[in-house]
Amino acid sequence: MTSFSRSLPFVAAMALVVVASNILVQFPMQGQIGGLSLADLLTWGAFTYPFSFLVTDLANRRYGPAVARRIVFVGFMTAVVCSILVPPFLFRHGLIEFETAADRLVRIAAASGAAFLSAQLLDVTVFNRLRRQSWWRAPIVGTLVGSVFDTMVFFTVAFSAAFAFAGPNDSFALETAPLMGIFHIDAMRWVSWAFGDLSVKLIIAVVALIPYRLLAARWSQPTVAA
């Protein structure tokens with residue numbers, strides 16, 4: 001099996017996860033839990049993006065860091081292009097509720113690309129250093145470090161007024177509300193979204209250890225490319 005064909009399923013999975021996340025991150029969750037407004041805390045993208053680290057770690061476990069980095073780069077390029085082209089297509093076919101301006105899509109794609117590349121490559125490096133320790137240590141530490149870095153970069157570039165040069169701001173994201181919807185401290189919604197997003201990422205990182213362990217057990221003799 002060629003290097004391309006063996007990495008293709010991982011590339012496809014990576015592109016699917018990131019494209020879905022780039023669309024869903026533009027939709028705050030609606031609903032109320034007691035006095036907590038979910039729109040002040042989470043976007044739907046928080047539930048899909050963490051699986052990109054699972055894809056990277058499985059590729060690294062199976063084929064080693066060289067192939068994992070290749071999957072990150074190819075998946076990144078595919079995802080950025082699709083993130084710009086797919087939302088207008090879905091809007092025209094009535095699958096999403098509103099159309100995002102083209103320059104806003106470019107800013108989301110740029111934020112996603114910067115966060116994705118840096119966080120995923122960091123995850124690959126951390127994972128590879130810890131791969132010979134306990135089976136859970138490499139994926140959980142790599143995902144933890146990558147998730148923190150990814151969240152900081154993505155939400156700052158995508159929503160902070162400081163990056164308005166990259167595209168128009170999201171006025172709802174810049175409005176102030178109680179931090180994470182529960183604290184008596186006002187903060188811009190995108191800051192609460194970042195904390196909420198990171199919280200979900202860390203929970204899913206723990207849950208994702210289950211499929212990681214099951215698949216890694218089948219790959220007890222991985223082919224590693226340095």
Side-chain angles (χ1 to χ4, degrees), residues 1-25 45-83 86 109 111-154 197-226:
M1 183 181 292
T2 66
S3 175
F4 174 78
S5 61
R6 70 186 182 186
S7 64
L8 188 58
F10 293 101
V11 170
M14 184 68 79
L16 178 63
V17 168
V18 179
V19 169
S21 300
N22 285 2
I23 295 171
L24 293 173
V25 77
F47 296 91
T48 54
Y49 189 81
F51 288 99
S52 65
F53 291 100
L54 175 63
V55 175
T56 301
D57 290 346
L58 285 172
N60 200 345
R61 174 68 180 85
R62 179 57 173 151
Y63 295 118
V67 173
R69 291 188 190 99
R70 193 176 308 129
I71 289 166
V72 167
F73 281 113
V74 177
F76 155 76
M77 291 184 290
T78 304
V80 168
V81 172
C82 291
S83 296
V86 170
S112 175
F116 178 87
L117 269 184
S118 55
Q120 293 288 336
L121 292 177
L122 183 59
D123 177 42
V124 170
T125 300
V126 172
F127 185 101
N128 200 49
R129 293 193 178 206
L130 300 176
R131 67 185 304 135
R132 299 192 184 281
Q133 298 184 21
S134 301
W135 70 267
W136 55 269
R137 192 179 302 272
I140 201 67
V141 175
T143 299
L144 172 63
V145 173
S147 294
V148 171
F149 200 80
D150 177 90
T151 300
M152 290 173 55
V153 173
F154 176 79
D197 178 88
L198 181 59
S199 300
V200 172
K201 281 177 180 173
L202 300 183
I203 292 171
I204 294 180
V206 175
V207 174
L209 285 175
I210 299 172
Y212 174 86
R213 178 58 172 168
L214 293 174
L215 289 170
R218 298 180 58 186
W219 300 335
S220 57
Q221 300 296 328
T223 302
V224 176

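Everything quoted here is computed from the prediction, not taken from an experiment.
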Report task. Would you name the heavy atoms of Leu130 and Arg137 that are closest together and state the gap between them? Result -> CD1-O, 4.1 Å
Query - Closest approach of Trp136 to Leu209 (non-hydrogen atoms, all atoms of both residues) - result: O-CD2, 4.3 Å
Report summary line: Between the CG atom in Asp57 and the CG atom in Leu215, the distance rounded to the nearest 0.5 Å is 12.0 Å
Query - Side-chain H-bond candidate by donor/acceptor type, Tyr49 with Asp197, under 3.5 Å - result: no
Report task. Taking the side chain as every heavy atom from C-beta outward, state whether Pro50 and Thr143 have any atom pair closer than 4.5 Å. Result -> no
Query - Gap separating the CZ atom of Arg62 from the CD1 atom of Ile71, nearest 0.5 angstrom - result: 12.0 Å
Query raised in the report: Which of these passes side chain to side chain contact (heavy atoms under 4.5 Å, CB included) with Leu198: Ile203, Leu144, Val148?
Result: Val148
Requested in this report: Would you indicate whether the side-chain heavy atoms of Met14 and Phe116 approach each other to under 4.5 Å?
Outcome: yes
Report task. State which residue, out of Val67, Val11, Leu117, Asp123, fulfils the side chain to side chain contact (heavy atoms under 4.5 Å, CB included) condition with Val72. Result -> Leu117
Report summary line: To the nearest 0.5 Å, atom OG1 of Thr125 lies from atom CG of Asn60 at 9.0 Å
Report summary line: Closest heavy-atom pair, Ala119 versus Phe149, reported as atoms and distance to 0.1 Å, is N-CD2, 4.3 Å
Requested in this report: Please name the pair of heavy atoms, one in Leu54 and one in Pro211, separated by the smallest distance, quoted to 0.1 Å.
Outcome: CD2-CG, 4.1 Å
Query raised in the report: Between Leu121 and Phe73, does a side-chain contact (heavy atoms from CB on, under 4.5 Å) hold up when you go through it step by step?
Result: CA-CA 9 Å; Leu121 292 177; Phe73 281 113; 3.9 Å; yes
Requested in this report: Looking only at non-hydrogen atoms, find the nearest pair between Ala46 and Ile204 and report the distance.
Outcome: O-CD1, 4.0 Å
Query raised in the report: Shortest non-hydrogen contact from Ser52 to Val17?
Result: N-CG1, 3.7 Å
Query raised in the report: Just by modelled atom types, is the Tyr212 backbone N or O under 3.5 Å from a matching donor or acceptor in the Arg61 side chain?
Result: no
Query raised in the report: Is any side-chain heavy atom of Phe53 closer than 4.5 Å to a side-chain heavy atom of Asp150?
Result: yes
Report task. For Thr48, enumerate each residue passing the side-chain hydrogen bond (donor to acceptor under 3.5 Å, both in side chains) test, keeping only those at least two apart in sequence or located in another chain. Result -> Ser21
